[in-house]
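Report on one structure; see the data block that follows.
Hydrogens, waters and symmetry mates play no part in the numbers below; they use all other heavy atoms, side chains included. A, B, ... follow the sequence lines: proteins, then strands. Residue 1 opens every chain.
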Amino acid sequence: MTLETDAIDIRGLAFRWRDSAPLILDLPELRVRRGESVFIKGASGSGKSTLLSLIGGVMSPQAGDVHVLGQRLGELGESRRDSFRADHIGFIFQMFNLIPYLPVLDNLLLPCRFSRRRKRNIEMRGTDFRAEAERLLTHLDLSPGLLQQPVTELSVGQQQRVAAARALIGNPELVIADEPTSSLDADRRERFLQLLLKECGEQNSTLIFVSHDSTLEPQFERSIELADINRAIA
Amino acid sequence: MEMYIFVLAVKSILNRKFTIILTIFSIALSVMLLLGVERLRNDARESFANTISGTDLIVGARSGQVQLLLYSVFRIGNPTNNVSWKSYQNISEQRQVAWTVPLSLGDSHRGFRVLGTNQDYFRHYRYAVDRQLEFASGNVFEGIFDAVIGADVARELGYRPGQEIILAHGTGEVSFVKHTGNPFHVVGILRKTGTPVDRTVHVSLQGIEAIHVGWENGSPTPGRQYDPNNPQLYDLQPRAITAALVGLKSRIATFRVQRYINDYPEEPLLAVLPGVALQELWDTMAIAQQALLAISVLVVLVGITGMTTAILTSLNERRREMAVLRSVGARPWHIFVLFVGEAGVVMGIAALAGIVSLYALQLVARPLIQSRLGLYLPVHPPSLHELILLLAAMAAGMLVGLVPAYLAYRYSLADGMTIRI
């Protein structure tokens with residue numbers, strides 16, 4: 001894995017749910033450079049979430065290669081893919097990102113429970129879990145006092161920012177956000193995106209942001225229309 | 001790091017305390033019922049079989065052999081009729097008969113049955129495997145108004161030798177007619193036997209006769225009662241007894257003597273072999289016992305089904321949680337453990353709570369069972385048999401708990417990180 005490799009390099013990818021089912025994804029090529037912030041635009045049902053699952057290594061394509069950070073996922077076994085995902089990728093979903101029975105701090109630290117690498121990354125910075133969690137919350141405009149609160153007491157906007165902090169904790173190289181702003185109103189959407197972009201920039205993480213909402217598009221370095229590159233959607 | 005999934009399982013359970021406590025409660029109750037029924041079955045059999053030994057025949061008025069056994073040995077129920085003293089004498093004088101012990105029932109003391117008998121009772125009565133009655137303190141009754149009490153009578157009423165006691169007419173828990181004129185004195189206390197003897201007040205046949213002086217019509221005649229200063233005025237020879245225990249010189253003669261008594265021409269009598277009567281008593285209860293066991297097994301299954309339903313219901317709303325966990329690197333088997341762990345925790349706590357409440361219940365209900373049913377149920381550590389039942393219940397719970405866990409595993413494989421709502 002060198003700096004020259006792309007964050008994501010997909011070639012000749014084909015995916016369908018079952019052998020007899022129609023193709024969902026047929027991507028001749030999709031490349032994202034390291035450190036880039038990319039907006040992938042697609043209507044619901046266009047295969048966005050499936051694409052993210054393939055990049056996350058939760059699903060495997062029938063044909064083609066998915067390289068993430070220079071690693072060809074197809075050559076890893078299932079459990080190696082699970083730990084690869086935990087080590088290198090942070091996810092933010094549309095809503096319900098947080099485990100309801102864990103307080104904010106435990107939710108934030110979840111990736112460090114499943115990834116030694118992300119835990120070590122924090123230790124190498126010379127800081128501890130709590131200080132790092134507080135730093136991220138502050139950067140995302142949240143009070144560090146929230147850490148011990150039950151997540152059920154947070155507003156949706158706060159929940160999404162905690163989810164962003166969780167995606168970023170332990171410096172993963174890649175952050176994938178799947179419609180993270182669709183449950184927020186316009187003002188908060190803008191603000192959330194700015195904070196996310198800034199923090200990814202500071203951590204030097206690649207950001208892939210998937211949404212159907214093109215108003216956010218101008219803030220990204222590059223934008224891709226999924227329908228343009230996915231030949232499965234005629 | 002892999003252990004964190006157990007932390008999650010516990011926290012998730014704590015988060016749903018209320019439903020889970022209810023589930024645990026229902027399974028704990030069912031486990032208690034199952035073990036309780038099993039314990040009752042085994043200990044009752046033991047207790048029954050241990051109540052009387054060494055006696056070859058029990059003789060009473062003609063009725064059913066189980067009924068005779070119940071009132072003469074277990075002090076449950078009442079005799080239909082008496083055995084005349086003449087017949088009793090006649091039976092004692094039979095060549096094959098080694099010893100006889102007369103039993104006279106019908107009075108009580110504060111809920112405990114009073115047994116009129118003679119000194120031979122303490123010589124010949126055997127329980128468990130040939131164990132003789134022993135005295136914890138004092139000695140056999142000598143005088144007319146002496147009494148020997150069982151261990152439970154002494155313990156529950158706090159009696160010591162020298163204690164004065166008043167007998168009551170009839171066998172009810174509360175009696176309105178008391179033999180107040182002629183108090184008895186405790187002269188001996190028996191050691192614990194685990195049989196109905198523990199709950200019996202023993203007095204001499206003459207004592208029974210003496211307190212019933214003036215009762216010839218079935219109720220007390222005012223102004224007429226036994227006067228200890230003038231014993232020569234009274235004939236204390238009993239005219240009838242309730243039943244008799246018979247020991248033979250040789251067991252070979254058992255059936256001959258039994259037939260002789262059953263064909264007794266002067267009055268209708270019945271002689272039963274204690275072992276046979278115990279077996280018949282046991283057999284009449286066998287179906288009820290098996291039904292009880294079957295029901296308690298079903299109740300456990302109902303409890304387990306309730307738990308599985310609760311887990312399955314939570315499964316759908318927890319699909320989001322599963323997707324989030326997958327996204328941070330949890331593997332499908334982590335998800336599996338999360339759900340199996342829940343079934344395991346529920347079954348484990350429920351089994352423990354079931355055992356604890358069984359012992360609590362046993363401690364509370366023991367005296368009641370012993371006085372009402374004549375069963376001595378010892379408090380003992382779980383038997384191997386009970387442990388196997390308990391393990392079987394837990395295994396069943398875990399096995400059924402695999403269903404939601406497997407579903408969760410399949411969901412998390414299929415859903416991946418897609419959050420389906």
Q) Is the number of heavy atoms from other residues, nucleotides or ligands under 6.0 Å of A/R188 CZ greater than 12? A) no

Q) Of all residues at least two apart in sequence or in a different chain, which pass the side-chain hydrogen bond (donor to acceptor under 3.5 Å, both in side chains) check with B/R45? A) B/N42

(Q) Can you tell me how far apart CZ (B/R331) and CZ (A/R80) are? Round to the nearest 0.5 Å. (A) 10.0 Å

Q: Please step through side-chain contact (heavy atoms from CB on, under 4.5 Å) for the pair B/L8 and A/Y101, ending with a clear verdict.
A: CA-CA 9 Å; B/L8 280 182; A/Y101 51 83; 4.1 Å; yes

Q: Tell me, yes or no, whether the heavy-atom count around B/L363 atom CG, taken from other residues, nucleotides or ligands under 6.0 Å, exceeds 12.
A: yes

Q | Neighbour count above 12 (heavy atom, 6.0 Å) for A/E179 CD | A | yes

(Q) Can you tell me how far apart CZ (B/R318) and CD1 (A/I99) are? Round to the nearest 0.5 Å. (A) 9.0 Å

Q. Between B/H334 and A/F114, is a side-chain contact (heavy atoms from CB on, under 4.5 Å) present by the stated rule, with each step listed?
A. CA-CA 10 Å; B/H334 283 129; A/F114 290 95; 3.9 Å; yes

(Q) Suppose a student defines contact as a heavy atom less than 4.5 Å from any heavy atom of chain A. Which residues in residues 10-33 of chain B would they list? (A) B/K11, B/S12, B/N15

Q | Non-hydrogen atoms of B/G329 and A/A86 that approach each other most closely | A | CA-CB, 3.5 Å

Q.
Test your reading of the model: is there a side-chain donor-acceptor pair from A/R85 to the backbone of B/R326, 3.5 Å cut-off?
A. yes

Q. Are any non-hydrogen side-chain atoms of B/Y4 and A/D106 less than 4.5 angstrom apart?
A. yes

Q: Might you confirm whether atom CZ of A/R125 has over 12 heavy atoms from other residues, nucleotides or ligands at distances under 6.0 Å?
A: yes

Q. Around atom CD of A/E123, are there more than 12 heavy atoms of other residues, nucleotides or ligands at under 6.0 Å?
A. yes

Q: Kindly compute the distance separating CG (A/N97) from OG (B/S327), expressed to the nearest 0.5 Å.
A: 7.5 Å

Q: Below 4.5 Å from any heavy atom of chain B, which atoms of A/R166 appear? Answer side chain, backbone, both or neither.
A: side chain

Q: Please look at A/L102 and chain B and tell me whether the side chain, the backbone, both or neither of the residue comes under 4.5 angstrom of a heavy atom of that chain.
A: side chain

